[in-house]
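Notes follow once the structure below has been shown.
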Amino acid sequence: MYTTIMPALSSSSICTFLLVFLLVVRASNCAAKATKSSRPPRQLSVDYYAKKCPQLEQLVGSVTSQQFKEAPVSGPATIRLFFHDCFVEGCDASILISTNPGSKELAEKDAEDNKDLRVEGFQTISKAKDLVERKCPGIVSCADILAIAARDYVHLAGGPYYQVKKGRWDGKISMASRVPYNIPRANFTIDQLLKLFNSKGLTLEDLVVLSGAHTFGFAHCKQFVSRLYNYRGTKQPDPGMDPRLLKALKMSCPQFGGNPDIIAPFDVTTPFLFDHAYYGNLEAKLGLLASDQALFLDPRTKPLVQQLGKDKKRFFQAFSIAMEKMGLIGVKRGRRHGETRRVCSMHA
């Protein structure tokens with residue numbers, strides 16, 4: 001397997017290669033959401049803003065392309081922001097709302113599970129919203145801008161371009177207390193992942209395909225450190241992790257007292273490209289998170305992992321469909337349930 005995924009990497013060079021990508025970065029305090037799935041709203045359409053803001057896609061695209069050049073991490077940061085938004089309260093941009101000063105109830109953004117969401121994702125949406133508001137004031141929701149920006153970054157990183165249906169309203173509810181049970185955790189089993197995804201109206205195939213977003217981006221040590229030293233309470237490393245990867249990660253992520261800002265790439269072979277190498281990595285025991293590697297170990301998900309690892313075109317097609325499906329979770333429509341915020345961090 002290593003000859004196909006990493007033909008030039010020796011046992012020592014993979015360790016060096018991995019360490020190059022173990023970076024110290026300051027993470028921002030950010031947010032997420034809680035959501036229940038609902039049937040796809042019929043009102044959403046690709047040309048929803050065709051008359052009121054026909055230049056919407058170009059406006060958002062000008063921001064995402066510039067952000068991607070200046071800070072490539074904006075891509076995975078924004079896609080993760082979209083995931084966290086849709087899984088908590090639905091795809092309604094409630095993850096962007098700031099906690100009101102003096103409020104006893106924190107907003108999703110300030111939930112413990114969202115504190116490592118990177119600031120670059122929030123900056124992308126804020127900049128895009130400011131530009132759109134100057135051209136089309138009071139017309140476009142933050143939720144739609146987030147969905148468009150996530151798609152843009154997938155494509156900019158080498159992934160598929162797909163049409164984004166629009167017409168979402170921004171949600172009025174943003175509560176940190178609704179986050180914990182609606183966000184997948186790094187050590188989740190396949191059963192736990194399936195239960196959560198099914199609750200959002202997503203299938204086993206959606207789980208495997210959407211996990212492919214880990215083909216780029218980074219994770220903090222705290223999300224995988226237990227695999228290195230005490231896997232599922234055994235006081236031993238995860239036997240399902242490649243020894244070279246284990247060695248490299250241990251050098252930067254000690255069991256206790258490590259730098260909380262250290263991060264490692266989800267995809268150690270092509271960490272900045274949106275491709276299908278993620279699935280080949282799982283077959284080579286190079287998955288970073290326990291929940292990633294579990295996809296190859298479970299007989300229910302392993303066949304699809306193997307198929308997607310061999311067929312990039314199929315992965316791209318499936319990912320486009322799954323992103324559209326996820327983008328319809330809990331969509332708000334009408335003033336009773338939603339609003340159109342002029343500033344994404346503040347209620348209208």
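This is a predicted model, so every value here is computed, not measured.
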Go through the side-chain N and O atoms of [X] and [Y] and say whether any donor and acceptor fall under 3.5 Å apart.
X	Y	value
Tyr278	Asp292	yes
Lys285	Gln293	no
Asp191	Thr189	no
Tyr161	Asp152	no

Applying ring pair (Phe, Tyr, Trp, His ring centres under 6.0 Å), run through Phe87 and Phe197 and close with a yes or a no. CA-CA 9 Å; Phe87 269 64; Phe197 273 65; 5.1 Å; yes
Give the intermediate values and the outcome of side-chain contact (heavy atoms from CB on, under 4.5 Å) for residues His276 and Leu308. CA-CA 7 Å; His276 65 318; Leu308 296 175; 5.8 Å; no
Would you indicate whether the side-chain heavy atoms of [Y] and [X] approach each other to under 4.5 Å?
X	Y	value
Asp92	Trp169	no
Cys253	Leu228	yes
Leu288	Leu249	yes
Ile263	Cys221	no
Leu44	Arg168	yes
Ile329	Leu202	yes
Glu105	Asn100	no
Leu96	Phe122	yes

Separation between [atom1] of [X] and [atom2] of [Y], rounded to the nearest 0.5 Å:
X	Y	atom1	atom2	answer
Leu204	Arg300	CG	CZ	7.0 Å
Asp170	His337	CG	NE2	15.0 Å
His84	Asp113	NE2	CG	8.0 Å
Met251	Lys247	CE	NZ	7.0 Å
Ser320	His155	OG	NE2	10.5 Å
Glu120	Gln67	CD	CD	8.0 Å

Go through it in stages, so that I can follow the logic: the residues are Val140 and Ile145, the test is side-chain contact (heavy atoms from CB on, under 4.5 Å), and I'd like the CA-CA distance, side-chain angles, deciding distance and then a yes or no. CA-CA 7 Å; Val140 183; Ile145 290 175; 3.8 Å; yes
Heavy-atom count around Arg232 CZ within 6.0 Å, excluding the residue itself: above 12?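 Yes - once you tally the heavy atoms of other residues, nucleotides and ligands closer than 6.0 Å, there are more than 12.
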Atom NZ of residue position Lys195 - does it have more than 12 heavy atoms of other residues, nucleotides or ligands inside 6.0 Å?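 No - once you tally the heavy atoms of other residues, nucleotides and ligands closer than 6.0 Å, there are 12 at most.
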Residue pair [X] / [Y]: nearest heavy atoms and the distance that separates them:
X	Y	result
Gly217	Pro76	CA-CB, 3.5 Å
Phe216	Pro271	CB-O, 3.2 Å
Lys250	Pro237	NZ-CG, 4.0 Å
Cys142	Lys129	SG-CE, 3.8 Å
Phe224	Ala264	CZ-CB, 3.9 Å
Leu295	Val305	O-CG2, 3.6 Å

In plain terms, say whether [X] and [Y] are close enough for a salt bridge, that is, a side-chain N and a carboxylate O under 4.0 Å apart.
X	Y	result
Lys166	Glu57	yes
Glu339	Lys172	no
Asp206	Lys200	no

Exam field: side chain Asp311 to backbone Arg314, donor-acceptor pair closer than 3.5 Å: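 The answer is yes, because a donor-acceptor pair under 3.5 Å joins these two groups.
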Spell out, as yes or no, whether a donor-acceptor pair under 3.5 Å connects the side chain of Lys312 to the backbone of Lys310.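 Looks like no, no N/O pair under 3.5 Å.
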Residue pair Asn187, Gln192: steps toward the side-chain contact (heavy atoms from CB on, under 4.5 Å) verdict: CA-CA 10 Å; Asn187 62 347; Gln192 290 172 313; 5.7 Å; no
Determine the sole option in Arg341, Arg342, Lys127 for which the salt bridge (Lys or Arg N to Asp or Glu O under 4.0 Å) test with Glu133 is passed. Arg342
Following the transitive rule for hydrophobic clusters with a side-chain heavy-atom cut-off under 4.5 Å over Ile, Leu, Val, Met, Phe, Trp and Tyr, establish whether Leu210 and Tyr162 coincide in one cluster.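 The answer is yes; both residues are in one hydrophobic cluster.
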Classify the ring geometry between Phe315 and Phe274 as parallel (under 30°), tilted (30 to 60°) or perpendicular (over 60°).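 Phe315 and Phe274: parallel rings.
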Which label fits Tyr153 and Phe68: parallel for a plane angle under 30°, tilted from 30 to 60°, or perpendicular past 60°?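 It falls in the tilted class, 30° to 60°.
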Identify which one of Asp267, Thr215, Thr270 satisfies the side-chain hydrogen bond (donor to acceptor under 3.5 Å, both in side chains) criterion when paired with Asn281. Asp267
Could you give me the CA-CA distance, side-chain angles and deciding distance for Gln223 and Asp116, then say whether side-chain contact (heavy atoms from CB on, under 4.5 Å) is met? CA-CA 10 Å; Gln223 293 181 291; Asp116 62 352; 3.9 Å; yes
What about Phe218 and Phe272, are their ring centers closer than 6.0 Å? yes
